[in-house]
Amino acid sequence: MMEQTKKIAISLILGGLAFAGMIPFFNFEQSMMVAMIVLMVTLWTNEGVPLAVVSLLPIVFFPAAGILTTKETTINYANPIIYLFLGGFLIAIAVEKTGLHKVIANRMLALFPRSVRGIIFALIITSGLLSSVLSNTTTTLLLLPIALFLTEDVKLKMRLALGIAYGASIGGILTPIGTPPNLILMGIMEEMGMQAIPFATWMYLVAPLVLTMFIAVGFILSMGLKDMHIETDLEKTVLTSEQKKVLAVIFGLIAMLLVNAPIKPFYSGLGLSEPGLLLGAGLLLFVPPFSILDWMADKDNIPYRIMFLFGAGFAIAAAFSKTGMAQEIATLLAGFSSLPLLLFILLIATMVTFTTEITSNTALISIMLPILYAMAKQTGIDPTIIMLVATICASYAFMLPIATPPNAIAMSSGVISIRTMAAYGFVFNILGIIFIVTIANFFWIKVL
């Protein structure tokens, strides 16, 4: 009890200090919002209050401070992404229930090196490549249950879960269709009359960055695991009828997702709702001829606390937009345009990388890109490089579970603490900034 009280007191003090530090520069609502975010992030990190409880605090805090109304806050807890997560997790429960994860794990181990480092790299690369064409949320949901059952060691499970989440975020930047900020950049470039970056050129520009990040994440996550082994029975197994049913649903879902995804300008896609596809596939497992899941027996396995966490993240993003804080940050960046190009790119990369941890990357990029374009035109800087750096860094959300759905899904595994995610994430944020600044200054500037 005393320890919990101490953690809550520390969180309140840090929130108060954040308010005092913000109020000379921002208005009351913006300062209160920052203070509340600091309070909640501290409570998430030190676990002074259960994660689900902290995740519901925006419903109390934001209306009380006049930041958002109760309706504007609570609507974020019904965001479509939450139902995409629910559908994916229903599939994950079915995979575990039928033992399909063991079969898939055996097949994976037969293809890749059986060393811990080999498996970590295999999961990171698989997650990344899938996320370049599929939603990173969908990819994480599909791979996480497989990874978690490769080992019983909690420490190793944590590394595997982080590898999948980080691989998904990194892989999303590989193609123009891999993540929403990329599509926003392409749309704004077209709107501004700029020459669009061709699909192949985009991949040529970003591939060195993606490869470097894959290697860095893989090596760091596998550090200290040299003496650990993954023991798995590699004997050939015959699929049961229930496993075949779950596999049919998964393959059918992947096929629908691939057909549904647009490949502009060649193919516009089916236009179906991706959350609807995931949820539909999950619900299909309750009915004949599948009948794999039973609501009364399986409902306790659904991580509702992570659904609340998603809601909190979306509520914070809405608060950033409503209070104008994202606009303030973007305008602040424009004030440093007189810096040398190298320093300016470093500043943009750093601010976007850490800002996207607590606000929507799509909202941030939608606001920032037009401002960066106008600023670049005024100062004679090539807007393409500046805008591309900002867009890529919007996907560098490695520290907090509210920053991006893959992080929150990894948290749902129950093997990762927010403190651990923040520690690893901070390292990868810094490395990502260094890599993109280096590649932009010595490679992109020659190609673009």
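Positions are given from 1 along the sequence.
- Applying the salt bridge (Lys or Arg N to Asp or Glu O under 4.0 Å) test to Glu47 and every residue at least two apart in sequence or in another chain returns nothing.
- Distance CD1/Ile124 to CD1/Ile170: 7.0 Å, rounded to 0.5 Å.
- Using a 4.5 Å cut-off on side-chain heavy atoms (C-beta onward), Lys322 and Ile67 make no contact.
- In this structure the side chain of Thr391 reaches within 4.5 angstrom of the side chain of Asn182, judged on heavy atoms.
- Leu285 has its side chain out of reach of Ile93: every pair of non-hydrogen atoms, C-beta onward, lies at least 4.5 Å apart.
- A donor-acceptor distance shorter than 3.5 angstrom exists from the side chain of Thr356 to the backbone of Ala394, with no hydrogens or angles considered.
- Taking the side chain as every heavy atom from C-beta outward, Ile348 and Ile345 never approach each other to under 4.5 Å.
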Which atom pairs, one a donor and one an acceptor, fall under 3.5 Å between side chains of residues 431-441 and the rest of the protein, sequence neighbours left out?
unit_1: Thr438; atom_1: OG1; unit_2: Ile434; atom_2: O; d: 2.8
unit_1: Asn441; atom_1: ND2; unit_2: Val437; atom_2: O; d: 2.7

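- Residues Tyr396 and Phe354 keep their aromatic ring centres 6.0 Å or farther apart.
- The backbone N or O of Val415 sits nowhere less than 3.5 Å from a side-chain atom of Lys157 that would complete a donor-acceptor pair.
- Residue Phe308 holds its CZ atom at 5.0 Å from CG of Leu56, rounded to the nearest 0.5 Å.
- Rounded to the nearest 0.5 Å, atoms CG (Asn407) and CD1 (Ile416) are 8.5 Å apart.
- With rounding to the nearest 0.5 Å, the separation of CD1 in Ile10 from OG1 in Thr42 is 9.0 Å.
- Side-chain atoms of Ile365 and Leu185, non-hydrogen and from C-beta on, never get closer than 4.5 Å to each other.
- With sequence neighbours left out, Leu211 forms a side chain to side chain contact (heavy atoms under 4.5 Å, CB included) with Ile215.
- Contact annotation: the side chain of Phe426 never approaches that of Glu357 to less than 4.5 Å [non-hydrogen atoms, C-beta and beyond].
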